[in-house]
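What follows is one structure encoded as structure tokens, with my remarks underneath.
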Amino acid sequence: MTGKPTFRFAPSPNGPLHLGHALSAFVGSDMAKKLGGRFLLRIEDIDVARCRIEYVEGIFEDLKWLGLTWEEPVLFQSQHFNVYAEAAALLEAQGLLYPCFASRTEISAAATGEALDPEGAPLYPGLHKALPKVEIEERIGHGQHFALRIDMERALEVARKRLDGEPLTFGELDETGELNIVEAKPELWGDAVILRKDVPASYHLAVVVDDARQGVTHVTRGRDLYAATDIHRLLQVLMGLPEPIYYHHRLLVDEDGRKLSKSAEASDLASLRAQGVTPAEVRARVGLS
Ligand code: GLU
């Protein structure tokens, strides 16, 4: 790896930032400072239907209030759909993607109900995996929208070849800063969506493409995204992108032991600020010194 260690905080502006986000942002920024590295901010706003400009403004305000600084310019994913479409074309050219016209309801109806992906969604039951070419053309001709899914079996085969039979792994830092090598299991995601039906991107594709083009060397994020790293590593191998080091930090839980959600108003940073809570108290509340 050349250059400075590079970290990023990559929130989605689909709700106000809460304490969990503060922890994430502090972790990335603290580690960047400790290693004399860079800290970037990326706005993950591909979900144009759910993302709002007032939440983007809130992100800037909250992070500045917390005393965080980042390098400019801030990358807004919604301004780079062409880049994600190009990346998908790279996978498509390797015969690794196929169109899927099925609706969520059709997929749920066809799924056996037992096999779920790491997010708890039914594993894609292969509904449109082998559609005849003429039918694909006909549906497109009729203006039907489609997602592009990865042919996981084939993708794993290609990745195996690229890795010369070595297992697909990632380096994960633990709480003590030690690097552990973890085996990735992207197959758990099945034929995941790489380009969504509604927008020409997906979280998995955009995050991998942007971490690479922004030169991110250390991906720090919550443990809720631990399983996503498996498919991110697969995409990196398939697209010939560098491998970052990962650190999945602990998650904050409420008094009942449930993960703090965006709707948990009490932990919303703007409300805490309005109540007179100080940034130092926020650090303490998320368990940082
Ligand atoms: N945008 C994602 C979120 O808000 C985080 C993506 C990442 O850090 O990889 O949960």
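In listed order, ligands and their atoms are each counted from 1. The model shown is predicted, which means the values in this text are computed figures rather than measured ones.
With salt bridges taken as basic N to acidic carboxylate O contacts below 4.0 Å, one links R196 and D47. E183 has no carboxylate O lying under 4.0 Å from a charged side-chain N of K185, or vice versa, which leaves the two without a salt bridge. A salt bridge does not link R52 with D45: none of the charged nitrogens is closer than 4.0 Å to a carboxylate oxygen.
Among pairs with a residue in residues 155-170, those fulfilling side-chain hydrogen bond (donor to acceptor under 3.5 Å, both in side chains) read Q94-R162, at least two apart in sequence or across chains.
For ligand 1 and R8, the ligand atoms under 4.0 Å from any heavy atom of the residue are 7 (C), 8 (O), 9 (O). Which parts of ligand 1 touch V207 is read off a 4.0 Å heavy-atom cut-off, strictly below it: atoms 9 (O). Atoms of ligand 1 lying under 4.0 Å from any heavy atom of Y203, numbered from 1 in the order shown and given with element: 6 (C), 7 (C), 9 (O).
Checked by distance only, ligand 1 and P11 stay at 3.5 Å or farther apart across all their nitrogen or oxygen atoms. For T220, no nitrogen or oxygen atom sits less than 3.5 Å from a nitrogen or oxygen atom of ligand 1, counting backbone and side chain alike. Residue-to-ligand polar distances keep H21 apart from ligand 1: every N/O pair is separated by 3.5 Å or more.
Contact annotation: for D224 versus ligand 1, there are no heavy atoms closer than 4.0 Å.
Around atom 4 (O) of ligand 1, the closest heavy atom drawn from P13, S12, G222 belongs to S12.
The shortest side-chain heavy-atom distance between R139 and L131 falls under the 4.5 Å cut-off.
No heavy atom of F9 sits closer than 4.0 Å to any atom of ligand 1.
Y124 carries R149 over the face of its six-membered ring, with the cationic atom under 6.0 Å from the centre and within 45° of the normal.
Ring pair F39/F7: centre-to-centre distance not below 6.0 Å.
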